[in-house]
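To start, the structure itself, in structure tokens.
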Amino acid sequence: MLIRMRRLRQKPALRRLVRETHLTLDDLIYPVFVVEGHGVVQPVQAMPGVNRYSVDTLPRLLDRVVELGVPGIILFGVPDTKDDRATAAYDPDGVVQRAVATVKACYPDLLVITDVCLCAYTDHGHCGLVEKGVILNDPSVELLARTALSHARAGADMVAPSDMMDGRIGAIRELLDAEGYVHLPIMSYAAKYASAFYGPFREAAGSAPQFGDRRTYQLDPANVAEALREVALDLEEGADIVMVKPALAYLDVIRQVKETFGVPVAAYNVSGEYSLVKAAAARGWVDERALVLEMLTGMKRAGADIILTYFALDVARWLKEA
Ligand code: PBG
């Protein structure tokens with residue numbers, strides 16, 4: 001037989017030579033939850049292996065992140081006080097702002113990204129201000145921009161708005177520029193879907209909406225043309241990196257965003273995707289390591305340049321062992 005596809009599959013070294021997609025340490029961002037208090041390392045029940053850290057216990061985690069060579073983290077704040085104006089989100093002395101300063105003091109070269117949203121800071125748990133049951137857009141954007149600026153002032157290397165309000169990228173870009181942060185990049189959660197895969201995160205961040213759902217601002221899982229319009233708009237408004245979220249059920253969206261725009265694309269391997277694997281692995285139903293590496297390789301194959309994942313530290317370890 002002239003052509004036998006199996007010839008190049010016979011030896012590990014040959015398979016390495018013809019491998020088309022490579023998952024590397026350079027691709028990974030590790031999400032970290034920071035809470036108020038002292039000496040706190042609190043497990044998140046729905047996400048085995050994930051903890052919430054107070055600012056003083058953060059350095060121990062950072063030691064591991066740096067030792068494993070993961071290039072960056074994304075911080076999520078879990079404040080003690082919530083109100084209808086999300087005041088703690090843009091407090092210069094807020095939990096994220098202090099966490100950023102701590103990271104930068106310990107490890108100046110570790111990339112610190114901050115999630116910019118209001119949902120963990122509002123008493124109703126929505127990503128924007130609420131009036132008579134309606135999630136307001138423009139007044140929310142103003143507060144989101146203030147929040148992003150407070151993160152920049154604390155020393156963040158990049159801000160990542162995850163709220164899905166219209167016009168927020170432009171507003172954040174304008175305010176950052178006006179305040180002298182012209183080189184601070186924005187990673188936009190551009191194609192963020194109204195997904196059931198965020199369930200475990202809402203326990204971790206205490207950000208579940210107290211009424212209704214997020215379908216008046218996040219994308220309908222059935223839509224892809226609309227996602228491309230969101231991405232186009234965010235790029236026009238100045239986004240430097242665009243994200244698709246969740247990842248696993250949206251690989252086609254990742255692919256289309258990459259092919260259409262050719263810009264750096266991030267994929268968020270979200271909490272529910274993590275917990276599903278953990279739950280099955282705990283029962284011995286799947287091989288966790290093989291499954292995770294396969295999932296993340298699939299995201300890269302689809303076109304993701306960057307993967308935000310709660311598995312980042314495990315993956316870093318596995319890649320080192322390999
Ligand atoms: C905040 C935000 C969410 C996630 C990241 N930023 C939750 C949501 O929109 O409800 C989800 C992350 C995850 O599930 O891992 N807006």
Side-chain angles (χ1 to χ4, degrees), residues 28-34 44-52 73-79 82 86 88-89 95-96 113-122 124-130 135 137 140-141 143-144 147-148 151 158-166 168-169 172 186-221 230 234 241-250 266-279 292 295-296 299 306-312:
L28 305 174
I29 295 172
Y30 186 56
V32 175
F33 299 99
V34 283
V44 177
Q45 297 307 323
M47 302 176 71
V50 173
N51 299 304
R52 312 203 292 184
I73 61 171
I74 180 164
L75 289 175
F76 293 93
V78 190
K82 299 172 189 270
V95 68
V96 164
I113 306 162
T114 54
D115 183 85
V116 175
C117 199
L118 305 182
C119 60
Y121 303 88
T122 50
H124 45 68
H126 277 289
C127 303
L129 299 177
V130 170
I135 291 86
N137 195 89
S140 305
V141 167
L143 295 186
L144 288 159
T147 303
H151 294 174
M158 178 151 73
V159 291
S162 67
D163 53 283
M164 289 296 282
M165 296 298 127
D166 288 320
R168 89 271 209 222
I169 302 302
I172 291 172
I186 300 176
M187 175 166 69
S188 165
Y189 288 67
K192 180 176 179 182
Y193 287 86
S195 170
F197 282 103
Y198 307 150
F201 174 94
R202 291 177 187 170
E203 180 210 323
S207 63
Q210 298 305 301
F211 70 89
D213 52 43
R214 304 210 197 288
R215 281 185 271 190
T216 68
Y217 40 107
Q218 299 179 346
L219 287 163
D220 183 334
E230 282 282 7
D234 283 5
I241 299 174
V242 289
M243 192 196 298
V244 175
K245 177 187 171 201
L248 212 48
Y250 299 87
Y268 201 139
N269 174 219
V270 300
S271 58
E273 299 171 42
Y274 175 86
S275 302
L276 286 180
V277 173
K278 284 289 179 186
V292 171
M295 282 169 40
L296 301 193
M299 292 166 201
I306 300 165
I307 302 175
L308 294 87
T309 178
Y310 304 97
F311 290 114

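This is a predicted model, so every value here is computed, not measured. Atoms within each ligand, like the ligands themselves, are counted from 1 in listed order.
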Completion exercise
When distances are taken from atom 9 (O) of ligand 1, the protein heavy atom at minimum range is K192 NZ, 2.7 Å
Practice task
Starting from atom 12 (C) of ligand 1, find the nearest protein heavy-atom neighbour and note its residue, name and distance.
Solution key: F201 CD1, 3.3 Å
Problem - Minimum side-chain heavy-atom gap I306-I241 below 4.5 Å - result: yes
Exercise for the section: Could you list the residues that satisfy side chain to side chain donor-acceptor pair (under 3.5 Å) with D220, not counting sequence neighbours? Expected result: none
Problem - F76 and ligand 1 - part of the residue with a heavy-atom distance under 4.0 Å - result: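 The answer is the side chain.
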Completion exercise
Note: S271, heavy atoms under 4.0 Å from ligand 1, region reported as both
Exercise for the section: May I ask you to decide whether D163 forms a salt bridge with K192, counting only side-chain N to carboxylate O separations under 4.0 Å? Expected result: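 Salt bridge: no.
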Donor-acceptor under 3.5 Å ([X] side chain, [Y] main chain):
X	Y	value
H126	A208	no
S271	F201	yes
Y217	C127	yes

Show the atoms of ligand 1 that are less than 4.0 angstrom away from any heavy atom in [X].
X	result
Y310	12 (C), 13 (C), 15 (O)
Y268	12 (C), 15 (O)
S162	1 (C), 2 (C), 6 (N), 16 (N)
C127	16 (N)

Practice task
Could you pull out, from R202, E273, K245, the option with a heavy atom nearest to atom 3 (C) of ligand 1?
Solution key: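 Residue with the shortest heavy-atom distance to the ligand atom: K245.
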Closer than 4.0 angstrom: is that true for some heavy atom of [X] and an atom of ligand 1?
X	result
C119	yes
D163	no
Y274	no

Handout entry: Criterion side-chain contact (heavy atoms from CB on, under 4.5 Å) against I113, the qualifying member of L308, I29, V32, V159
Key = I29
Handout entry: Ring geometry between Y268 and Y310 (parallel below 30°, tilted from 30 to 60°, perpendicular above 60°)
Key =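 The rings of Y310 and Y268 sit tilted, inter-plane angle from 30° to 60°.
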